[in-house]
Amino acid sequence: MAYLHTLDEVDVKGKRVLLRVDLNLPMENGRVSDATRIERALPTITELSKKGGIVILLAHFGRPKGSRVEADSLRQVLPALEHYLKQPVAFADDCVGRSASQIIDALKDGQIALLENTRFHKEEEQNDASFAAELAKNGDIFVNDAFSAAHRAHASTEGLAHILPAYAGRSMQTELEALDQALLNPQRPLIAIVGGAKVSTKLDLLGNLVSKTQYLVIAGGMANTFLAAQGFNVGKSLCEYELAPTARDVLAKAKTAHCQIILPIDVVVAKKFEAHAPSSVCSLDKIGADDMVLDIGPKSIAQVDAILRNCKTLVWNGPFGAFELPPFDQGTKRIAQSAAQLTIEGKIRSIAGGGDTVAALSQAGAAEKFSYVSTAGGAFLEWLEGRTLPGVAALEK
């Protein structure tokens with residue numbers, strides 16, 4: 001990106017490159033069950049290695065809270081890392097001190113090492129200057145390729161950038177370019193889909209999006225709060241009734257900003273929150289006292305689909321309904337597949353992110369067809385909220 005220092009600006013041959021990556025991976029039976037984050041880091045690792053850099057990987061795993069917890073050791077991701085890199089990776093059982101420096105000193109140009117979990121040291125999350133300096137002793141330059149950790153001002157994500165020459169890795173660069181095209185410089189009309197259980201967790205996001213989008217689709221449990229604020233009975237549905245005034249404020253601000261809020265016009269209801277529970281489609285004025293709204297109905301799907309077809313950019317965070325439980329996955333599935341098809345046809349640029357969103361799009365077979373899907377959770381959300389991410393700001397020119 002124009003305002004970030006990138007790898008295009010540096011000759012890494014013979015230099016020790018401290019490369020911050022995200023290896024906080026899901027595990028099953030001692031093995032990595034989803035290597036997406038390794039795959040995202042591969043272009044940067046490979047480029048640095050091929051250009052003759054000595055690549056030293058920094059990462060965290062789990063929440064050891066500043067002490068050594070063997071269940072959170074990065075050693076367990078080493079086999080998957082070597083498998084995808086197709087070359088051996090040295091491992092140091094600490095990220096600072098003699099054990100780290102000995103491993104690094106033995107490396108030749110192009111070789112790779114993985115250092116132990118940075119969060120085994122409490123100073124990491126404190127962004128302690130002395131700890132950052134200890135990390136920096138093992139590098140000549142710093143590259144941050146972990147956008148998903150960029151919202152944390154930690155020693156290995158922010159502190160190092162103030163000590164060593166600092167650059168964005170290719171994954172970081174790609175992510176920020178995608179997000180810039182989504183919100184800062186989008187093709188319009190711009191539509192955002194925001195779902196999730198609670199309005200209270202996404203107030204900042206809604207506030208930022210009403211000033212940037214032409215259409216804002218409010219989905220999931222959040223929509224129930226907005227419907228209740230407009231006087232509809234939502235039965236036993238998830239609903240934050242105390243936030244009804246807040247919901248009305250959002251609607252008023254959207255009107256002032258000429259942003260059209262899209263809410264369900266029909267819904268799928270059931271008496272039980274479980275897979276394959278008996279369900280029915282009903283209009284908003286027919287929701288029963290013992291009903292739970294678990295998805296949007298066919299008219300709502302058609303409404304969102306029609307708007308999508310008139311838009312040039314889509315930003316998506318959060319599902320439409322209880323997508324984990326069939327048949328309440330249909331709203332999310334059908335909108336996802338429609339957006340994917342429009343993307344393939346070159347009619348819309350689609351950017352999505354957030355854990356539930358990625359899972360829902362993957363389940364719908366749409367994730368790989370989107371323009372960009374972010375594996376970041378908190379960082380993606382904070383970027384959409386308009387916040388400054390410390391790990392990004394530290395790389396700016």
Side-chain angles (χ1 to χ4, degrees), residues 12 15-121 123-125 131 134-149 152 154-157 160 169-172 375-376:
V12 300
K15 291 187 172 69
R16 299 169 302 161
V17 183
L18 287 174
L19 173 58
R20 183 54 160 95
V21 291
D22 186 353
L23 297 179
N24 193 24
L25 307 168
M27 307 289 294
E28 288 182 11
N29 301 317
R31 302 184 68 179
V32 173
S33 57
D34 182 350
T36 302
R37 285 176 169 170
I38 292 179
E39 293 172 338
R40 291 283 174 94
L42 285 181
T44 300
I45 300 173
T46 303
E47 178 179 343
L48 293 171
S49 175
K50 287 183 176 179
K51 288 182 175 178
I54 298 168
V55 187
I56 304 151
L57 304 178
L58 293 171
H60 74 276
F61 189 94
R63 298 178 182 275
K65 298 182 179 179
S67 59
R68 182 174 288 271
V69 178
E70 288 308 311
D72 290 332
S73 173
L74 277 168
R75 187 184 293 274
Q76 61 194 317
V77 309
L78 195 61
L81 195 58
E82 292 181 323
H83 170 75
Y84 282 93
L85 285 169
K86 296 181 173 60
Q87 69 181 94
V89 176
F91 183 77
D93 64 7
D94 203 348
C95 60
V96 292
R98 184 173 175 79
S99 56
S101 62
Q102 282 185 324
I103 292 294
I104 294 165
D105 290 345
L107 295 177
K108 297 178 181 178
D109 293 1
Q111 292 185 326
I112 304 166
L114 171 64
L115 306 188
E116 185 56 284
N117 195 340
T118 56
R119 289 188 182 176
F120 280 180
H121 298 264
E123 295 86 357
E124 157 73 344
E125 295 185 72
F131 180 67
E134 286 299 308
L135 289 171
K137 286 179 181 179
N138 290 316
D140 301 307
I141 65 173
F142 171 61
V143 176
N144 193 345
D145 210 32
F147 175 80
S148 51
R152 305 297 187 206
H154 292 172
S156 70
T157 61
L160 273 172
R170 297 306 185 193
S171 177
M172 173 81 80
T375 59

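Side chains are part of it too, since the values below use all heavy atoms of this structure and drop only hydrogens, waters and symmetry mates. All figures in this text were calculated on a predicted structure; none of them were measured in a lab.
Partner I56 forms a side-chain contact (heavy atoms from CB on, under 4.5 Å) with one of L48, I103, I104 and no other, that one being I104. Evaluated for a side-chain contact (heavy atoms from CB on, under 4.5 Å) with R37, the options L25, L23, V77, V21 yield exactly one hit, L25.
In this structure, CG in D140 is found 8.0 Å from CG in L18, a value given to the nearest 0.5 Å. Interatomic distance, CD of E39 versus OG1 of T375, reported as 10.5 Å (0.5 Å rounding). A distance of 9.5 Å separates CG of D93 from CD of Q102, quoted to the nearest 0.5 Å. With values rounded to the nearest 0.5 angstrom, L58 atom CG is found 6.5 Å from L160 atom CG.
Looking at S73 and F91, their side chains come closer than 4.5 Å, going by heavy atoms from C-beta outward. In this structure the side chain of E82 never reaches within 4.5 angstrom of the side chain of Q87, judged on heavy atoms. Proximity of I45 to P43: side-chain heavy atoms (C-beta onward) are nowhere separated by under 4.5 Å. Using a 4.5 Å heavy-atom threshold, the side chains of L81 and L57 count as touching. The shortest side-chain heavy-atom distance between H154 and R119 falls under the 4.5 Å cut-off. Looking only at side-chain heavy atoms (C-beta outward), N117 and C95 stay at 4.5 Å or farther from each other.
Enclosure of atom CD in E28 is not indicated, since only 12 or fewer non-hydrogen atoms of other residues, nucleotides or ligands lie within 6.0 angstrom. For R68, the CZ atom counts as densely surrounded, since its 6.0 Å shell holds more than 12 non-hydrogen atoms of other residues, nucleotides or ligands.
Nearest heavy atom pair, residue V32 against residue A80, reads CG2-CB, 3.8 Å. Listed here is the closest heavy atom pair of T118 and F131: O-CZ, 4.1 Å. Heavy atoms only, all atoms of each residue included: L107 and A90 are closest at CD2-CB, 4.2 Å. L19 approaches D145 most closely through the heavy-atom pair CD1-CB, 3.9 Å. Across all their heavy atoms, I112 and L85 have their closest contact at CD1-CD1, 3.9 Å.
A donor atom on one side chain and an acceptor atom on the other are not found under 3.5 Å apart for S49 and Q111. Using modelled atom types and a 3.5 Å distance limit, the side chains of H60 and R20 yield a donor-acceptor pair.
The existence of a salt bridge linking E125 and R152 is excluded, since no basic side-chain nitrogen approaches an acidic carboxylate oxygen closer than 4.0 Å.
Here the side chain of D22 pairs no donor or acceptor atom with the backbone of A146 at under 3.5 angstrom. The backbone N or O of G97 sits nowhere less than 3.5 Å from a side-chain atom of E134 that would complete a donor-acceptor pair. At distances below 3.5 Å, at least one donor-acceptor pair connects side-chain atoms of E116 with backbone N or O atoms of L74. N24 places no side-chain N or O within 3.5 Å of a backbone atom of F61 that could act as its donor or acceptor partner. Listed for the S171 side chain is no donor-acceptor partner under 3.5 Å among the backbone atoms of A41. The backbone N or O of A100 lies less than 3.5 Å from no partner atom in the side chain of D94, so there is not a single donor-acceptor pair. S33 places a side-chain N or O within 3.5 Å of a backbone atom of P26 that can act as its donor or acceptor partner. At least one donor-acceptor pair under 3.5 Å links the side chain of R16 to the backbone N or O of K137.
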Task: Evaluation steps, side-chain contact (heavy atoms from CB on, under 4.5 Å), between K15 and I54 - done: CA-CA 6 Å; K15 291 187 172 69; I54 298 168; over 6 Å; no
- [ ] Applying side-chain contact (heavy atoms from CB on, under 4.5 Å), run through V17 and F142 and close with a yes or a no.
- [x] CA-CA 6 Å; V17 183; F142 171 61; over 6 Å; no
